[in-house]
Amino acid sequence: MSIATTDNPKKVTVHTLENMAHRGEKISMITAYDYSMAKLVDASNIDVILVGDSAANVMAGYSTTLPITLEEMIYHAKSVVRAVKHAMVVVDMPFGTYQGNSKMALQSAITIMKETQANAIKLEGGKEVVESISRILSAGIPVMGHLGLTPQSINKFGTYAVRATGKNEAERLIEDAKALEEVGCFSIVLEKIPAMLAKRVSEELTIPTIGIGAGKYTDGQVLVLHDMLGITQDFSPRFLRRYHSLGDEIRSAVSQYSSDVKSGSFPNNNEQY
Ligand code: KIV
């Protein structure tokens, strides 16, 4: 891990993000789960790397984020932290490691920070997790909140549709966002909510908001790396901008290799000892 010292003044910290938001400079965040990708991402001028529990979907093939364990998240986070010199690394607390028990939440957060040497944790929820957040903060661990479509609650929602389109849920979300700011979160992810609601939340808070499917008015944006690169191809929500179709390129490269092996054209005389 590197922190902002005189030998590495460029390491992104919570203060960097706070200053960026005050200057009106947008924050870029993206997920990574392994060493090789994190190294490429960190060399791409990204501010924050999220070791998301979306690893359950894109790395492990589960249909929800619920099954991933603390140990699995720690494995991914350690791999990412080993690669990263510049970006701030935030690690998702997995389902079942913080809800409803603030002592357990503190213990889980300490385990993540001790074993991975990441820079912060993220967890989902509003007022109901404030006590857990408060304990985690008391140990000096920065906390990023997450509101709106919180995937760990998919069984309660029943669908991945846009959240808080109605007045009551929108008001509740604003109250939750204020509670997260008040307890001391340094930033909040707003997932899949109407753009005008995200605008209102961003205007009412002083801490930076990071949106995914929450429109253009948030202080920053986050995407899942495998989605924006086109590695995952069966997921196409309206908010997702694909910057590459790497899935097609990988398939084509691997099938060319396979056919070269079968035809005997690989390896050739120059590719042997
Ligand atoms: O797990 C994840 O990748 C996330 C982002 C979608 C914000 O929480």
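This chain uses plain numbering: 1 for the first residue, then up along the sequence. Side chains included, hydrogens not; waters and symmetry mates left out as well; all remaining heavy atoms used. Just so you know, ligand 1 is whichever comes first in the structure, and atom 1 is the first atom listed for that ligand.
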Qualifying salt bridge (Lys or Arg N to Asp or Glu O under 4.0 Å) pairs with a residue from residues 116-144, counting only residues at least two apart or across chains: Asp92-Lys122
More than 12 non-hydrogen atoms from neighbouring residues, nucleotides or ligands closer than 6.0 Å to OH on Tyr75, yes or no?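 It does not: Tyr75 OH has 12 such atoms or fewer within range.
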Side-chain donor-acceptor pair under 3.5 Å between Thr206 and Glu181, yes or no? yes
Kindly say whether the aromatic ring centers of Tyr33 and His226 come within a distance under 6.0 Å.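 Yes, close enough.
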Atom pairs and distances, ligand 1 N/O vs protein N/O under 3.5 Å:
unit_1	atom_1	unit_2	atom_2	d
ligand 1	1 (O)	Asp53	N	3.2
ligand 1	1 (O)	Asp53	OD1	3.0
ligand 1	1 (O)	Ser54	N	3.0
ligand 1	1 (O)	Ser54	OG	3.2
ligand 1	1 (O)	Asp92	OD2	3.1
ligand 1	3 (O)	Ser54	OG	2.5
ligand 1	8 (O)	Lys122	NZ	2.9

Side-chain hydrophobic cluster, 4.5 Å single linkage: members besides Tyr160: Leu66, Phe95, Leu149, Ile154, Phe157
Who clusters with Tyr257? Use side-chain heavy atoms, under 4.5 angstrom, across I, L, V, M, F, W and Y, and order the result by chain and number.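 Under the 4.5 Å side-chain rule, Tyr257 groups with Val261, Phe266.
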